[in-house]
Colleague: 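Please see the structure below; I have some questions.
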Amino acid sequence: LFDIYRCNAKGKIMDIIVNLIVYLVVLGLIWWLVTLLPLPAPIAGIVRVLFIILLIMIVLAVFGIIPGGYLPRLNL
């Protein structure tokens, strides 16, 4: 019984790591596409701050520190 529980815990940790990697890759691709837009400097600064806040929220939600109900569950 203990081995089954430990196996499930490892699977859950792997799911968390895979979800975090997928979210960070998607966020990186969106960041790259946004940097290609010709935005004025003040707007680009605001967009950069919003992306940093979104990155922090995604990391905190994936690890369960804040509720992550707004993040879709990824089953790969």
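Below, all heavy atoms of this structure are taken into account, side chains as well, without hydrogens, waters or symmetry copies.
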Colleague: When F51 is tested against each of I56, T35, V34 for side chain to side chain contact (heavy atoms under 4.5 Å, CB included), which residue passes?
Modeller: V34
Colleague: Are V47 and V26 joined in one hydrophobic group, where the rule is that I, L, V, M, F, W and Y side chains link up if heavy atoms are under 4.5 Å apart?
Modeller: yes
Colleague: Quick one: do L50 and L27 end up in the same hydrophobic cluster if we chain Ile, Leu, Val, Met, Phe, Trp and Tyr together by side-chain heavy atoms under 4.5 Å apart?
Modeller: no
Colleague: Who pairs with L36 by side chain to side chain contact (heavy atoms under 4.5 Å, CB included), at least two apart in sequence or on another chain?
Modeller: W32, L33
Colleague: Looking at residues at least two apart in the chain, or sitting in another chain, which of them share a side chain to side chain contact (heavy atoms under 4.5 Å, CB included) with I21?
Modeller: I17, V25
Colleague: Can you get from I46 to I30 by hopping between Ile, Leu, Val, Met, Phe, Trp and Tyr side chains that sit under 4.5 Å apart?
Modeller: no
Colleague: Measure the spacing between OH of Y23 and CG of L55 and express it to the nearest 0.5 Å.
Modeller: 13.5 Å
Colleague: Please enumerate all residues that pass side chain to side chain contact (heavy atoms under 4.5 Å, CB included) together with P42, with sequence neighbours excluded.
Modeller: P40
Colleague: Hey, could you give me the CZ/CG distance between R48 and L39, rounded to the nearest 0.5 Å?
Modeller: 10.0 Å
Colleague: Tell me every residue that passes side chain to side chain contact (heavy atoms under 4.5 Å, CB included) with V49, counting only those two or more places apart in sequence or in another chain.
Modeller: I53
